[in-house]
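Written below as structure tokens is the structure these notes are about.
The first residue of the sequence shown is numbered 1, and numbering continues consecutively from there.
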Amino acid sequence: MGSKSSSSQVMTCRGVVCWGAEEEWTVEEIQVDPPKGSEVRMKMLFASICHSDILCSQGFPFRLYPRVLGHEGVGIVESVGEEVEELKEGDVVIPAYIGECRECENCNSERTNLCLRYPLSFNGLLPDGTSRMSIRGQTLYHLLSCSTWSEYTVSDANYVVKVDPGVALPHASFLSCGFSTGFGAAWMDSKVESGSSVAVIGLGAVGLGAIGGARAQGATTIIGVDKNGMKKDKGEAFGMTHFINPDDHKSSDSADLKSVSEMVKDLTGGVGVDYCFECTGVSDLVHQALEATKVGKGKAVVVGAGLNPLVQINLLDLLMGRTLKGTVFGGLKSKTHLPLLLHKSKNKEIQLDELLTHEMKLEDVPRAHEILKRSDCVKILIKI
């Protein structure tokens, strides 16, 4: 049994707060309560920025404000509740947003990673229905079950994954969502077969992860699609074999000469790919992802999230034997699979140094919007 902390002090620290969908992010002095029975309080060391943080600040999937942002990061356990047994003070950990009880129907299934006992939380609160964060007496919502853009945060221990301290900690932060989501989508969710053909739409950290996962599974044709030509080199570093920039296929009046699915088929003898991973969250591209797959057996996987809750699909594409599905965290079970990816990172089986393009301090996070717009930006590391 792990040692218990006697800490019952409310921590005053800095955190990045979003006050509304149209509001600028601000670094504020906030209060973080001590952990309750099954919870741990962590001192964050590093965090990183994921596209989903932007979406949540804009109100995805629900408008909950004010909230402390961030769901990627790595830290050290500062104190633990009296019911916590697997973690102790000083442990290096990742606060995940996918729980794993290892006992429920879903945890015992190879078909899903969505635990029924510790579900994905969208209400901005911990499992007991309350928050551990506040500002000037006002409740702050958590982001999922994390809120990593803060010097301290509290999560239920069932969502916290212990990390081998020998792993490069910035890499651990990158693996806490984006890259792992893409890698897992190819590796664990779709179980891409050796010799398969794969297309990946959107080459951010998630898309690069999907490329890396497809390569690790033995895919021989891996097509990356992105309007940013600078992503070509990044894609190739993770195993991409072909690159499509849709902007290279426009007429003189900037109209699209071909759809993305047509471009993918041009590279595959007109038949399409076995798997297509849609990593942008752009609703119109979900249909393109499905049409880019093979008749009778192609599978399109929605990995990216977006603000538009509805998509239009051609019914005939489904009737012709194609499959469309979605995935959260790439089908990875947090406590079973995340340590395996951390091990791959430690052994240099996946080169996460390729992801890091920018670094900043916590107080600089409000200007991250501008950096994210730069064509050379893939991943921003926040040093806390």
Between [X] and [Y], do the side chains contain an N or O donor and an N or O acceptor separated by less than 3.5 Å?
| X | Y | result |
| --- | --- | --- |
| S131 | T139 | no |
| S259 | Q288 | yes |
| T26 | E24 | no |
| S194 | Q217 | no |

Test item: [X] and [Y] side chains (from C-beta on) under 4.5 Å apart, heavy atoms:
| X | Y | value |
| --- | --- | --- |
| L208 | V378 | yes |
| V260 | I201 | yes |
| Y275 | S196 | yes |
| M42 | Y152 | no |
| E86 | K162 | no |
| V161 | P339 | yes |
| L140 | V17 | yes |
| I223 | V200 | no |

Note to self: Between F62 and Y141, is the ring centroid distance below 6.0 Å?
What the structure shows: no

Please find the pair of heavy atoms, one from [X] and one from [Y], that lie closest to each other, and give the distance.
| X | Y | value |
| --- | --- | --- |
| L381 | L356 | CB-CD1, 3.7 Å |
| S180 | L338 | OG-CD1, 3.9 Å |
| V225 | P246 | CG1-CG, 3.9 Å |
| Q58 | R63 | O-NH1, 4.0 Å |
| D266 | K258 | OD2-NZ, 2.5 Å |
| T112 | K333 | O-CE, 3.1 Å |

Salt bridge check, [Y] against [X]: does any charged N sit closer than 4.0 Å to a carboxylate O?
| X | Y | result |
| --- | --- | --- |
| D274 | K294 | yes |
| E28 | R14 | no |
| K43 | E151 | no |
| D364 | K361 | no |
| R41 | E78 | yes |
| R132 | E39 | yes |
| E370 | K373 | yes |

Check: Between W187 and F183, what is the ring plane arrangement, given parallel below 30°, perpendicular above 60°, and tilted in between?
Finding: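 W187 vs F183 ring planes: perpendicular.
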
Check: Between Y97 and H71, how do the two ring planes meet: parallel, tilted or perpendicular, split at 30° and 60°?
Finding: perpendicular

Should the heavy atoms of other residues, nucleotides or ligands under 6.0 Å from [atom1] of [X] be counted, would the total exceed 12?
| X | atom1 | result |
| --- | --- | --- |
| K325 | NZ | yes |
| H343 | NE2 | no |
| K227 | NZ | no |

Any sub-3.5 Å donor-acceptor pair from [X]'s side-chain atoms to [Y]'s backbone N or O?
| X | Y | result |
| --- | --- | --- |
| D91 | K88 | yes |
| K234 | E354 | yes |
| E29 | C13 | no |
| S155 | Y159 | no |
| S145 | A96 | yes |
| T181 | V206 | no |
| Y65 | G59 | yes |
| S283 | V311 | no |
| S176 | I94 | no |
| T220 | G195 | yes |

Margin query: Before you tell me yes or no, could you show the steps for W19 and W25 under ring-ring contact (aromatic ring centres under 6.0 Å, His included), namely the whole-Å CA-CA distance, both residues' side-chain angles and the distance that decides it to 0.1 Å?
Written below: CA-CA 7 Å; W19 292 92; W25 301 345; over 10 Å; no

Would you say [X] and [Y] are hydrophobically clustered, going by side-chain heavy atoms of ILVMFWY under 4.5 Å?
| X | Y | value |
| --- | --- | --- |
| I313 | L285 | no |
| F122 | V302 | no |
| V273 | M320 | no |
| L55 | V365 | no |

Item checked: S38/E83 under side chain to side chain donor-acceptor pair (under 3.5 Å): CA gap, chis, key distance, verdict -> CA-CA 5 Å; S38 63; E83 299 171 18; 4.6 Å; no

Margin query: Working note: N158 + D156, criterion side chain to side chain donor-acceptor pair (under 3.5 Å); need CA distance, chi angles, decisive distance, verdict.
Written below: CA-CA 5 Å; N158 295 289; D156 189 285; 2.7 Å; yes

Would you compute the distance between atom [atom1] of [X] and atom [atom2] of [Y] and round it to the nearest 0.5 angstrom?
| X | Y | atom1 | atom2 | answer |
| --- | --- | --- | --- | --- |
| T148 | D53 | OG1 | CG | 6.5 Å |
| H242 | S197 | NE2 | OG | 10.5 Å |
| L290 | E278 | CG | CD | 11.5 Å |
| L69 | C50 | CG | SG | 12.0 Å |
| C18 | L143 | SG | CG | 9.5 Å |
| I49 | C177 | CD1 | SG | 13.0 Å |

Notebook entry, point to check: For F179, which of F174, F238, F329 qualifies under ring-ring contact (aromatic ring centres under 6.0 Å, His included)?
Noted result: F238

Next item on the list: Kindly write out the residues that satisfy salt bridge (Lys or Arg N to Asp or Glu O under 4.0 Å) with K265, not counting sequence neighbours, or none if the list is empty.
Entry: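 With neighbours one apart ignored, the set is empty.
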
Next item on the list: Determine, step by step, whether E291 and T293 satisfy the side chain to side chain donor-acceptor pair (under 3.5 Å) criterion, reporting the C-alpha distance in whole Å, the side-chain angles of both residues, the deciding distance to 0.1 Å, and the verdict.
Entry: CA-CA 5 Å; E291 288 207 329; T293 64; over 6 Å; no

Note to self: Between H171 and D353, does the side chain to side chain donor-acceptor pair (under 3.5 Å) criterion hold? Intermediate values first, please.
What the structure shows: CA-CA 8 Å; H171 293 176; D353 286 330; 2.8 Å; yes

Next item on the list: Under the side-chain contact (heavy atoms from CB on, under 4.5 Å) rule, what do K299 and S190 come out as? Steps first, then yes or no, please.
Entry: CA-CA 8 Å; K299 176 184 284 188; S190 293; 3.9 Å; yes

